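Below you'll find the structure, written out as structure tokens, and then a few comments.
The structure displayed is predicted, hence computed values, not measured ones. Heavy atoms only: backbone and side chains are in, while hydrogens, waters and symmetry mates are out.
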Amino acid sequence: MAFDGSSIIVVAIFGVFLVNLTSSLVLAKGPCQFPAIFNFGDSNSDTGGLSAAFGQAPPPNGMSYFGHPAGRYCDGRLVIDFLAESLGLPYLSAFLDSLGANFTHGANFATAGSTIRPPNTTLHQSGFSPISLNVQFYEFHDFHVRSQIVRKRGGVYETILPKEEDFSSALYTFDIGQNDLTSGYFLNMSVDEVKAYVPDDIYDVGGRYFWIHNTGPVGCLPYVMERIPVLAGQIDRYGCASPFNEVAQFFNHGLKKTVQQLRKDLPHAAITYVDVYSVKYSLISQRRNHGFNQPLRTCCGHGGKYNYNKNLGCGGKVHKQGKDVLVAAPCQDPSTHVNWDGVHFTEAANRYIFERIVDGSFSDPPHPLNMACYRN
């Protein structure tokens, strides 16, 4: 299945970090106070949505941090988890997961395999989730209205659901779009459609703080390079497929222009554009400087140049002599790998990404994450 993600993450953040403040004006304002996170996206930020709907992400997912599968397609935490930690908030409960969920500090509507555009195939046929971005918005609207009705019942409901005022002061994160690029939909996508990724309805609810990540170098993902052949001359010096990275950069150029227009259309919103592409490409191209030995080869997989097999994913087993035998096992030390399963990054790589973007070095305007509630 083509579970992936990292393209449009929309986030506004308050945190415990006071790092490299970029001006005395910002320094005088103090960090933002955000009580909740509402996340929309795909597998790059899914903390259990797809697992709740279609079956748990199997072991060894979760092995490095949680010690067991935790709804994430990763050996541990995702960037969204580190964002929540920086806010002093608990990890986001998936909206679709009714077991032990606590939505006091927000909710996660992301599901692995989700696309921006509604898919015209089933999950089984293509690996793309039916819970596309528009469906996630329907879920959000229902959650916004019904959570307040239920909360008024009092008792335990007041302890597991957000307050009405939290919706207007929350952090809204979007981590979605890469599935659309890799499926080929992007070639017919207009700038207006890109603009529609940041819906006015969230703004109408009162959402004001957005942190927008561009998409990463999809041409450096094993599942792309293994499944979509390219010519030898189209492989760059670091082993990535240049045509797919060029598409991602084209998308990012359009996204940045869209953000500039959104600032005009949504005058009370604080919108920050973050160049995650550069962070991820640096992680791969300069991996030894960052402590990674394996930039492209997956940690958890089986066979092929990249240790990736689309028919036998991470944790995959084969039936031999009446027994299920694990053949797609994890590597001994995931922290030395950038890629976890051919599609998603390891926890170590996710931590690296978070630590590079937290101080605003890759942001426009160059605000640290904990100052992202301020308009430029």
Kindly write out the residues that satisfy side chain to side chain donor-acceptor pair (under 3.5 Å) with Ser363, not counting sequence neighbours, or none if the list is empty. none
Would you indicate whether Gln332, at its atom CD, is surrounded by more than 12 heavy atoms from other residues, nucleotides or ligands within a distance under 6.0 Å? no
Are side-chain heavy atoms of Lys163 and Pro35 found at a separation under 4.5 Å? no
Quick one: list whatever passes side chain to side chain donor-acceptor pair (under 3.5 Å) with Tyr238, sequence neighbours left out. none
Under a 3.5 Å cutoff, is there a donor and acceptor pairing between the side chains of Asp333 and Thr336? no
Check side chain to side chain donor-acceptor pair (under 3.5 Å) between Asn339 and all other residues, then give those that pass, not counting sequence neighbours. none
Is it true that atom NE2 of His268 has more than 12 heavy atoms of other residues, nucleotides or ligands lying nearer than 6.0 Å? no
So do Leu96 and Ile131 actually touch side chain to side chain, heavy atoms under 4.5 Å? yes
In terms of side-chain heavy atoms, does Asp46 have a donor or acceptor partner in Asn108 at a distance below 3.5 Å? no
With the side chain counted from C-beta on, respond yes when Arg72 and Asp81 share a heavy-atom pair under 4.5 Å apart, and no when they do not. yes
Could you tell me how the ring of Tyr352 sits relative to the ring of Phe292: parallel (under 30°), tilted (30 to 60°) or perpendicular (over 60°)? perpendicular
Classify the angle between the aromatic ring planes of Tyr281 and Tyr277 as parallel (below 30°), tilted (30 to 60°) or perpendicular (above 60°). parallel
Can you label the angle between the Phe40 ring and the Phe109 ring as parallel, tilted or perpendicular, going by 30° and 60°? parallel
Hey, do the aromatic rings of His367 and Tyr374 have their centres closer than 6.0 Å? no
